[in-house]
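The structure appears right after this line, and notes come after that.
Small disclaimer: the values here were computed from a predicted structure and weren't measured.
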Amino acid sequence: MRHAVLLASLLLLPTLHAQPLRAPDGSARTMVPGIAVPPIANEPFSAIDHITWTRPSVDGGTTVVYLVSNVARDSQGRVFQEVHRFGPQNADPKTTLTESKATDPVHHIAIVCNYVTHVCVVSPFLPNTTPAQVRPVGPFDNGRRNLNRDSLGERTLDKLRVVGTRETIVINPGTIGNDRTVTSSREFWYSPDLQTNLAVTRQDANGGVQELHLDILSRGEPDPHVFSIPPGFATVGVSLRITPAKGVLPAHPSSPLP
């Protein structure tokens with residue numbers, strides 16, 4: 001019997017040695033910010049943020065991935081935005097949703113809900129009331145970069161007047177580890193009515209091309225429940241003195257925006 005066990009162990013040796021030996025490895029992840037929605041009062045809307053990301057492949061081809069997420073702002077200036085993973089075109093948004101964030105400038109709270117752990121983190125939120133500073137054209141970063149800005153005129157998107165601007169930055173060799181001069185550009189189509197960009201195109205040598213479009217579905221008040229804790233989610237964070245009657249923290253049905 002002992003000889004049989006020894007023989008079986010010897011037979012397993014080639015299989016065991018054939019297994020690859022390595023330690024676990026992580027993966028590189030890149031966060032692509034969607035359309036930034038400021039907490040502006042009295043300009044409510046519901047929208048879908050579409051992002052198309054085209055990247056160069058190491059074999060000389062291209063990889064194209066997509067993302068869609070719900071976005072909303074109410075008359076109080078509360079903002080709701082989803083966070084999704086990129087996937088192939090027409091991927092089911094329910095399978096790519098990882099997180100949502102609701103910010104409330106009235107009660108000064110932010111609610112970030114993780115759809116993997118089913119935990120919402122509630123934290124203080126103070127909106128940035130400082131007007132955005134627009135970098136002047138010309139050299140910056142000790143002369144290692146140079147900014148140029150061009151007007152693209154006006155057009156209409158989703159029945160809204162938008163103003164176009166293209167910014168181009170020339171980056172000198174060695175600035176970001178580059179061995180030659182590289183150029184990046186951003187194109188913005190801004191709605192003065194909503195005080196929000198409705199379309200953004202980002203392009204650079206490393207990240208490829210990111211095309212963002214905010215598809216406005218409604219200019220009315222969004223469902224107030226999207227600013228709440230989803231049903232079945234645990235809550236951690238600061239202690240809140242807000243009652244469910246105020247419409248901030250009650251559970252809401254997990255349905256898409258209208």
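- Side chains of N114 and T98 form no contact here, defined as non-hydrogen atoms less than 4.5 Å apart.
- Between F45 and P222 there is no side-chain heavy-atom pair separated by less than 4.5 Å.
- Put simply, the side chain of T54 never gets that close to the backbone of V64: no donor and acceptor are under 3.5 Å apart.
- Using a 4.5 Å heavy-atom cutoff, the side chains of R161 and E154 are in contact.
- By the 4.5 Å heavy-atom criterion applied to side chains, V71 and I48 are not counted as neighbours.
- The minimum heavy-atom distance linking S191 with L160 is given by the pair OG-CD1, 4.2 Å.
- Residues P230 and Y115 come closest through the heavy atom pair CG-OH, 3.7 Å.
- For the 3.5 Å distance criterion, the side chains of S57 and T63 qualify, holding a donor opposite an acceptor.
- Between H50 and H213, the two ring planes are parallel [angle under 30°; tilted spans 30° to 60°].
- Checked by atom type and distance alone, the side chain of D74 pairs as donor or acceptor with a backbone atom of G77 at under 3.5 Å.
- In the hydrophobic clustering of this structure, I216 does not group with I40; members are Ile, Leu, Val, Met, Phe, Trp, Tyr whose side-chain heavy atoms approach within less than 4.5 Å, directly or through other members.
- Using a 4.5 Å cut-off on side-chain heavy atoms (C-beta onward), T168 and R166 make contact.
- Taken from OG1 in T52 to CD in Q89, the straight-line distance is 7.5 Å, to the nearest 0.5 Å.
- Looking only at distances, a side-chain donor or acceptor of R149 sits under 3.5 Å from a matching main-chain atom of R135.
- Of all the heavy atoms in P38 and A36, the pair that sits closest is CD-O, 3.6 Å.
- Between atom CZ of residue F188 and atom CG of residue L212 there is a gap of 10.5 Å, rounded to the nearest 0.5 Å.
- In the model, N146 has no side-chain atom that pairs as donor or acceptor with a side-chain atom of N148 under 3.5 Å.
- When atom types are taken as modelled, the side chain of N142 and the backbone of R144 share no donor-acceptor pair closer than 3.5 angstrom.
- Under the 4.5 Å side-chain heavy-atom criterion for grouping Ile, Leu, Val, Met, Phe, Trp and Tyr, I176 is connected to I169 within one hydrophobic cluster.
- Atom CD1 of I35 sits about 5.5 Å away from atom CG of D49, to the nearest 0.5 Å.
- Residues I111 and I229 form a side-chain contact, since some pair of their non-hydrogen atoms from C-beta on lies under 4.5 Å apart.
- Formation of a donor-acceptor pair under 3.5 Å by the N172 side chain with backbone atoms of G143 is found in this model.
- Side-chain contact between T165 and Y190: absent, with no pair of heavy atoms (C-beta onward) separated by less than 4.5 Å.
- In terms of heavy atoms, E211 sits closest to V209 at CG-CG1, 3.9 Å.
- Every residue meeting the side-chain contact (heavy atoms from CB on, under 4.5 Å) condition with H108, not counting sequence neighbours, appears here in chain and number order: L126, P127.
- T196 places a side-chain N or O within donor-acceptor distance of the main-chain N or O of L194, the cut-off being under 3.5 Å.
- Looking at E167, its side chain never comes within 3.5 Å of a backbone N or O of S184 through a donor-acceptor pair.
- Residue L97 is not grouped with residue V112 when hydrophobic side chains (ILVMFWY) are merged at heavy-atom distances under 4.5 angstrom, including chains of intermediate members.
- The main-chain N or O of T95 is found under 3.5 Å from a side-chain atom of R85 such that the two form a donor-acceptor pair.
- To the nearest 0.5 Å, atoms OH (Y66) and CZ (F86) are separated by 11.5 Å.
- Listed by first then second residue, pairs satisfying disulfide bond (SG atoms under 2.5 Å apart) with a partner in residues 43-116 read C113-C120, not counting sequence neighbours.
- Checking side-chain atoms of D104 against main-chain N and O of I109 turns up no donor-acceptor pair under 3.5 Å.
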- So V236 and V122, side-chain contact (heavy atoms from CB on, under 4.5 Å) or not? Walk me through it. CA-CA 6 Å; V236 297; V122 184; over 6 Å; no
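- Annotation for P224 and R78: closest pair CB-NH2, 4.2 Å, computed over non-hydrogen atoms.
- Residues V182 and L147 fall within the same hydrophobic cluster, defined by Ile, Leu, Val, Met, Phe, Trp and Tyr side chains chained together at heavy-atom separations under 4.5 Å.
- Side chain to side chain, N70 and E82 meet the donor-acceptor criterion of an N or O pair below 3.5 Å.
- Put simply, L214 and L152 are part of the same group of oily side chains (I, L, V, M, F, W, Y) that touch within less than 4.5 Å, one to the next.
- Geometrically, R73 does not engage F80 in a cation-pi contact, judged by NZ or CZ lying under 6.0 Å from the ring centre and within 45° of the ring axis.
- Here the side chains of R219 and S46 are not in contact, with every heavy-atom distance at 4.5 Å or above.
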- Message: Please determine whether salt bridge (Lys or Arg N to Asp or Glu O under 4.0 Å) holds for the pair R202 and E187, giving the CA-CA distance in whole Å, both sets of side-chain angles, and the decisive distance to 0.1 Å.
- Response: CA-CA 7 Å; R202 312 181 185 119; E187 182 177 302; over 6 Å; no
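- In this structure a side-chain-to-backbone donor-acceptor pair under 3.5 Å is missing from N197 to A199.
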